[in-house]
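First the structure, in the form of structure tokens, and then the observations on it.
Residue numbers begin at 1 in each chain, while the letters A, B, ... track the order of the sequences.
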Protein chains: 2
Amino acid sequence: MATATMKDVARRAGVSTATVSRALAQPDRVSSELRRRIEAVVRDLDYTINASARSLRRNDTGMVLVVVPDIGNPFFSKLLKGVELQARKLAYAVLIGDTEHGAARAEVYARQLEARRADGLILLNGRTPSFAGFRVTSNAVPRPLGPRYPIVVVSERIPGSPWPTVGIDNVAAAERAVLHLADLGHRRIAHIAGPKGNILTGERRRGYRAALAKSGLPADPDWLVYGDFSIASGRRAARKLLVCPARPTGVFAANDEMAMGAIVEIRAFGLAVPGDVSVVGFDDIEFAEIFDPPLTTVRQPRFEMGQRAMALIGRGLRGEALAAEEVILESEFVVRASTARAAPAKR
Amino acid sequence: MATATMKDVARRAGVSTATVSRALAQPDRVSSELRRRIEAVVRDLDYTINASARSLRRNDTGMVLVVVPDIGNPFFSKLLKGVELQARKLAYAVLIGDTEHGAARAEVYARQLEARRADGLILLNGRTPSFAGFRVTSNAVPRPLGPRYPIVVVSERIPGSPWPTVGIDNVAAAERAVLHLADLGHRRIAHIAGPKGNILTGERRRGYRAALAKSGLPADPDWLVYGDFSIASGRRAARKLLVCPARPTGVFAANDEMAMGAIVEIRAFGLAVPGDVSVVGFDDIEFAEIFDPPLTTVRQPRFEMGQRAMALIGRGLRGEALAAEEVILESEFVVRASTARAAPAKR
DNA sequence: CTGAAAGCGCTTACAG
DNA sequence: CTGAAAGCGCTTACAG
């Protein structure tokens with residue numbers, strides 16, 4: 001049995017497809033008698049509109065695409081809920097694409113946008129998709145000059161991009177986290193950074209260095225180790241730090257997962273957290289609070305970040321031009337039990 | 001500047017749109033000279049096919065929809081990666097819809113399928129969408145008899161549904177978990193169950209009861225508490241259990257988050273885990289291993305579940321009829337440090 | 001190997 | 001308030 005089309009509905013209701021279309025999209029432009037009749041037939045035939053046909057005709061889709069580097073990361077899932085909520089308010093559906101940290105997948109999803117399968121794009125992966133209106137064509141004419149659809153960047157800033165960005169002040173937040181360790185008397189403070197290419201890595205590392213400089217603390221290159229935001233990489237990083245000639249007593253990790261991994265490894269090494277080593281994370285994911293010890297960390301307003309991003313998309317969708325403004329939301333430093341005063345003996 | 005269409009490409013390459021279409025979809029059906037010329041123009045104009053137009057014409061979309069009850073739950077995110085991997089192999093893109101445990105959102109997403117925005121559907125939320133070909137129409141003729149697109153159910157079985165289901169044997173896995181506690185000498189074993197309507201809740205509760213019966217252990221109604229799979233609900237449940245007249249020494253939680261929440265609360269109460277109370281979880285999410293204590297739990301082959309589900313969809317997409325078979329994958333019981341022998345004094 | 005033409009299922013000015 | 005008709009951008013038998 002073939003799916004019913006609008007034509008079937010029209011025939012059965014004894015009206016034109018134009019009227020059916022109106023009855024569904026703008027009910028008050030149709031007499032109430034016809035509307036009722038049409039609605040009955042729609043139910044009867046179990047009619048559902050063909051989204052492709054409507055999209056083709058109206059040149060919009062009612063969908064927004066969100067490109068995420070890793071859907072398994074709790075940081076993103078909460079943010080996505082914010083996007084969803086706002087999208088619902090605006091009557092848009094959200095299409096999520098997981099790039100698994102890869103550029104190839106990111107291109108695949110971005111192409112969905114180019115193919116007009118979505119009306120807007122939220123980028124969480126810090127990459128400019130190659131389409132995005134920047135390509136210089138073979139005859140050296142840069143075209144088109146602007147994107148044809150709203151794009152908003154979240155969390156992982158894309159320097160020089162023409163799109164609005166929603167995020168926090170990572171440098172300041174990182175600096176504050178490290179100053180907290182310094183205030184507690186720690187003088188050998190290490191940093192477990194994110195992956196090297198990542199923009200957040202640079203920003204948080206900058207905050208780390210600034211705090212060391214401000215506090216007059218040394219910056220031993222051994223104390224800077226790179227991870228990839230995973231628990232496993234936090235463990236690996238900690239193993240390196242633990243065998244440093246000058247072992248750090250404070251560690252600032254660029255996210256909570258790496259902080260947790262580090263703590264597990266520090267304890268396996270026979271040291272106490274925070275007794276021997278204090279550890280600070282970043283993000284404040286749900287598990288941070290119930291981890292042992294509960295993690296001192298930087299809380300990002302993840303839900304709000306998602307909401308704001310989608311709200312911006314909504315404005316773009318309504319025809320407003322989106323400037324390259326930066327929306328900087330407040331982060332919050334949350335002190336829990338993974339940090340403590342440095343042991344006097346160690347100083 | 002308007003987006004280039006196939007017509008623009010055709011004109012500029014001096015061929016018909018038919019040839020452009022072929023050059024893009026079936027390159028070897030076009031002479032290599034033309035193919036090259038067309039490809040150059042495509043690059044030049046930055047042409048991307050209009051997915052709506054193609055979908056409308058070909059009556060397919062190259063997309064598969066996955067309906068998830070909660071994208072923030074690590075159980076699902078890993079499963080989604082399995083879906084993604086397999087989808088990529090089959091050249092399909094994955095559209096994820098988060099229902100946030102609600103029926104309303106589930107309907108919204110399911111409607112996307114009805115509207116032909118996807119070619120197949122993977123249901124992780126244990127609900128039959130109201131469309132799905134089961135509705136009885138107003139004139140009492142049940143139609144259509146079968147779904148018009150492949151549907152696969154994962155994890156949360158839908159009893160009586162005509163679709164293939166991928167999952168584990170939850171009853172057996174739960175029974176095994178509880179027998180583990182019984183074997184350790186625990187005689188007062190509680191269960192933190194999932195939410196009441198959920199199918200998994202019933203299955204795991206059944207396993208719990210079967211194990212008690214087999215071990216000749218009492219089943220105090222006070223020891224059965226319902227949660228909602230969240231950390232917070234695990235904490236609430238533990239608070240109830242801790243004030244039972246006959247306090248349990250073993251707890252089987254229906255997922256890892258609730259187990260973790262319970263452990264936090266048990267410790268806050270002044271008891272040791274596993275010293276005073278042993279706790280078993282379910283799922284083996286990433287955090288289970290680095291939790292303190294590392295969680296004894298049931299490992300579900302999440303990635304494989306996703307892969308298998310998508311593989312089934314793939315077969316359906318190739319025209320094969322999908323039977324209502326159950327694909328039962330092996331789970332694994334993982335013993336870690338959250339369980340220990342019952343204290344003899346307590347017996 | 002290539003093109004002319006029909007048609008996928010809608011929406012929307014336009015006319016009445 | 002309603003309908004006839006054009007057209008959105010593709011694909012694909014069919015003919016050559």
Full working for side chain to side chain donor-acceptor pair (under 3.5 Å) between B:Ser16 and B:Thr19: CA-CA 5 Å; B:Ser16 71; B:Thr19 302; 3.3 Å; yes
Along DNA chain D (nearest heavy atom to each residue), the more 5'-positioned of B:Ala18 and B:Ser52: B:Ser52
Interatomic spacing from CD in A:Glu39 to OH in A:Tyr47 - rounded to 0.5 Å: 13.5 Å
B:Val66 and B:Phe76, any side-chain heavy atoms less than 4.5 Å apart: no
Derivation and outcome, side chain to side chain donor-acceptor pair (under 3.5 Å), residues B:Thr61 and B:Asp119: CA-CA 6 Å; B:Thr61 64; B:Asp119 301 336; 2.8 Å; yes
Along DNA chain C (nearest heavy atom to each residue), the more 5'-positioned of B:Ala53 and A:Ser21: B:Ala53
Side chain proximity check, A:Glu156 to A:Leu124, heavy atoms < 4.5 angstrom: no
Gap in Å between the two C1' atoms, one belonging to C:dG16 and one to C:dT12, rounded: 16 Å
Contact check, side chains of A:Met310 and A:Lys89, non-hydrogen atoms, under 4.5 Å: no
Main-chain N/O of B:Pro74 paired to B:Arg302 side chain as donor or acceptor, under 3.5 Å: yes
Could you give the side-chain donor-acceptor pairs of residues 20-27 of chain B under 3.5 Å, partners two or more places apart or in another chain?
from: B:Gln26; atom 1: OE1; to: B:Arg29; atom 2: NH1; distance (Å): 3.2

Chain B footprint on DNA chain C, 5' to 3' - any atom under 4.0 Å from a heavy atom: C:dC1 to C:dG9
Contiguous pairing runs of three or more, Watson-Crick or G-U under 3.5 Å, that involve DNA chain C: C:1-3 with D:14-16, C:5-12 with D:5-12, C:14-16 with D:1-3
